[in-house]
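As structure tokens, the structure follows; a few thoughts come after it.
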Amino acid sequence: MAAVDAFDRTLVTGLLRPQPARAADLTELARAVAGTPLAARAAEAAEKAAAGTASEDHFTALAAARTALLGAAHDALAARLDEISGRTRGGTTTPPAERQTVNLLLAARTWLADLARAGWQGIDHELVGAAAPIVSAMLPDPALRRLATLLDGFAAELAASCPGAALDRFPARRWGDLWARALLLTRPGAAEPAAAGTVTGRLLPLGVDLHEHATAAQAQVHAVLEPADGTTPRLVRASVSVPKPDTVVAAGVWQLLRPHLSLLTALGEGRAMDLTDMPLTEEGDLLWDEERARAGAPADAFATARVALPTATAAPTAPLDRHPARLAEPVFLEGYDVLQDGDALTFRFAGHSLVVDTDRIPAAGPLTPEAVAASGACIGLLRWDDGEFRVQPLAVETTVRRKTVALQAGAWAGGTTDKTGVKAEKAATDAVTVLRERAGRLLRK
């Protein structure tokens with residue numbers, strides 16, 4: 001991580017005319033991968049970059065070295081998680097086949113190289129705005145949409161921070177991540193879809209991780225798949241993403257997501273789903289097809305967590321996704337004490353402490369930090385954040401009027417009679433209706 005930080009310092013000042021201290025940082029990055037197949041390329045790239053003569057291929061080699069180091073950190077943390085949980089993990093994934101070089105990929109690579117030469121301190125609106133025509137040309141092509149979306153968001157962040165010379169602080173790790181990932185995605189074949197097989201069996205939902213932004217929302221359901229052939233249960237995910245107006249917030253996002261993923265309704269109703277020949281990638285992502293799924297019998301998430309989760313096998317991680325920030329391992333915790341210091345919550349059990357990431361609890365459900373503080377059991381995602389493991393609650397068991405009650409972050413995903421949820425959904429419906437009416441008027445004109 002120190003070597004990654006060293007390289008990120010070079011991106012702050014830029015690689016057009018590196019200072020001696022930044023040349024030493026480049027050498028540190030190259031030295032960190034000296035025992036790997038990247039050694040020769042990284043050493044040459046560091047030397048050229050230190051002299052201010054690096055080409056786009058040299059920048060790509062440096063991005064690969066940085067990504068490999070973060071991948072090593074990811075693997076070490078994943079191994080620690082497997083040791084703690086007793087979980088086994090699948091083998092490495094098959095790399096995608098290469099395809100022909102696309103001119104737009106070369107244009108994107110040139111823009112990213114220009115960013116590296118200027119550095120974050122040297123960005124201005126003219127440099128950042130050069131990404132706009134590239135993104136516009138990429139978006140119509142589904143094969144390039146992944147990179148186009150990344151470039152679009154990255155350029156928007158940079159534009160909001162221009163001019164770089166006026167900034168006192170830089171999000172060096174984040175911008176370094178985005179720059180390196182985008183640069184590697186410009187390699188032919190890097191963004192090809194993962195290979196997929198098919199599975200048949202029973203899907204038992206554990207919980208949903210909701211990501212909400214001003215113009216987009218994503219729901220990712222974590223579940224245990226029990227194959228029909230009786231083989232070992234597997235941890236899988238199913239995701240759906242939709243664009244949204246910024247006026248649709250909280251519980252209102254479910255009505256945008258719900259029509260595209262019936263699994264959300266099943267989770268809200270506490271039911272399993274029966275799958276038939278559902279496509280599944282090697283990384284454990286279900287490529288959801290409504291025609292291959294039907295609602296099954298009632299299934300309690302906490303029963304799944306207690307019985308099926310401990311025996312489930314985790315999927316391997318795709319090479320470009322190996323990053324500590326990507327770790328999100330489903331875990332089940334109970335018998336803990338809750339320590340509260342202001343708004344901060346910590347679970348203590350067996351002499352260990354685990355910080356609760358209450359900031360990740362969505363407003364689009366009945367789960368609250370107060371409910372977590374009063375809980376005795378928790379289904380969550382174990383993440384690595386700022387040098388420590390944290391747990392993101394997906395569901396908890398708590399006592400209400402002497403009865404054990406389960407609260408799910410995604411309890412309103414399939415619809416709700418809760419007053420707060422109903423009010424939010426109605427507001428979202430009104431907002432969407434108004435926007436559709438306005439859009440219709442513009443189209444008629």
Side-chain angles (χ1 to χ4, degrees), residues 4 7-8 10-18 26 29-30 33 38 40-71 95-120 122-159 164 172 174-193 318-321 323:
V4 171
F7 178 70
D8 289 346
T10 70
L11 289 178
V12 172
T13 58
L15 294 169
L16 184 60
R17 287 181 292 273
L26 290 165
L29 177 73
V33 296
L38 288 170
R41 289 189 179 186
E44 178 188 350
E47 181 181 350
K48 294 290 186 181
T53 58
S55 67
E56 294 172 10
D57 286 340
H58 292 131
F59 289 135
T60 303
L62 294 172
R66 184 187 185 280
T67 302
L69 291 176
L70 288 166
E98 288 202 1
R99 59 191 178 91
Q100 294 297 315
T101 300
V102 178
N103 289 336
L104 289 173
L105 296 180
L106 296 176
R109 194 180 311 163
T110 298
W111 179 72
L112 292 164
D114 289 342
L115 283 181
R117 293 188 180 98
W120 311 136
I123 59 173
D124 56 30
H125 287 290
E126 182 179 356
L127 173 59
V128 174
I134 301 172
V135 170
S136 297
M138 281 184 169
L139 281 173
D141 184 352
L144 298 176
R145 201 163 290 158
R146 180 183 183 187
L147 175 58
T149 303
L150 174 56
L151 292 175
D152 191 33
F154 187 22
E157 286 193 23
L158 295 176
R174 175 174 175 79
W175 285 358
D177 283 343
L178 296 173
W179 177 84
R181 187 173 182 82
L183 196 52
L184 293 180
L185 287 177
T186 65
R187 296 289 299 173
E192 289 291 304
L320 288 184
D321 291 336
H323 190 294

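Between the side chain of W179 and the backbone N or O of L112, at least one donor-acceptor pair lies under 3.5 Å.
V128 is not listed as a side-chain neighbour of E157, based on a closest heavy-atom distance of 4.5 Å or more. Between L15 and L26 the shortest side-chain heavy-atom distance falls below 4.5 Å.
Annotation for R109 and T186: closest pair NH2-O, 2.9 Å, computed over non-hydrogen atoms. Contact detail for V33 and A42: the closest heavy-atom pair is CG2-CB, 3.6 Å. Listed here is the closest heavy atom pair of W175 and F154: O-CZ, 3.9 Å. In terms of heavy atoms, M138 sits closest to A148 at CB-CB, 3.6 Å. Heavy atoms only, all atoms of each residue included: A137 and P140 are closest at O-CD, 3.4 Å. When every heavy atom of L147 is checked against every heavy atom of A182, the shortest pair comes out as CD1-O, 3.6 Å.
Other residues, nucleotides and ligands contribute at most 12 non-hydrogen atoms within 6.0 Å of the CZ atom of R17.
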Show your reasoning for whether side chain to side chain contact (heavy atoms under 4.5 Å, CB included) applies to F59 and R117.
CA-CA 10 Å; F59 289 135; R117 293 188 180 98; 3.8 Å; yes

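Residues satisfying the side chain to side chain donor-acceptor pair (under 3.5 Å) criterion with E44, sequence neighbours excluded, are H58. Applying the side chain to side chain donor-acceptor pair (under 3.5 Å) criterion to D321, with sequence neighbours excluded, gives R181.
Expressed to the nearest 0.5 Å, how far CG of L158 lies from CG of L127 amounts to 8.0 Å. Note that CG of L105 is 10.5 Å distant from CD1 of I134, once rounded to the nearest 0.5 Å.
Looking at L106, L151, V135, L183 one by one, the single match for side chain to side chain contact (heavy atoms under 4.5 Å, CB included) with W111 turns out to be L151.
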Indicate every side-chain donor-acceptor pair of residues 60-67 with a distance under 3.5 Å to a residue at least two apart or in another chain.
{"from": "T60", "atom 1": "OG1", "to": "E56", "atom 2": "O", "distance (Å)": "2.9"}
{"from": "R66", "atom 1": "NE", "to": "D8", "atom 2": "OD1", "distance (Å)": "2.8"}
{"from": "R66", "atom 1": "NH1", "to": "D177", "atom 2": "OD1", "distance (Å)": "2.8"}
{"from": "R66", "atom 1": "NH2", "to": "D8", "atom 2": "OD1", "distance (Å)": "3.3"}
{"from": "R66", "atom 1": "NH2", "to": "D8", "atom 2": "OD2", "distance (Å)": "3.1"}
{"from": "R66", "atom 1": "NH2", "to": "R173", "atom 2": "O", "distance (Å)": "3.3"}
{"from": "R66", "atom 1": "NH2", "to": "D177", "atom 2": "OD1", "distance (Å)": "3.1"}
{"from": "T67", "atom 1": "OG1", "to": "A63", "atom 2": "O", "distance (Å)": "2.8"}

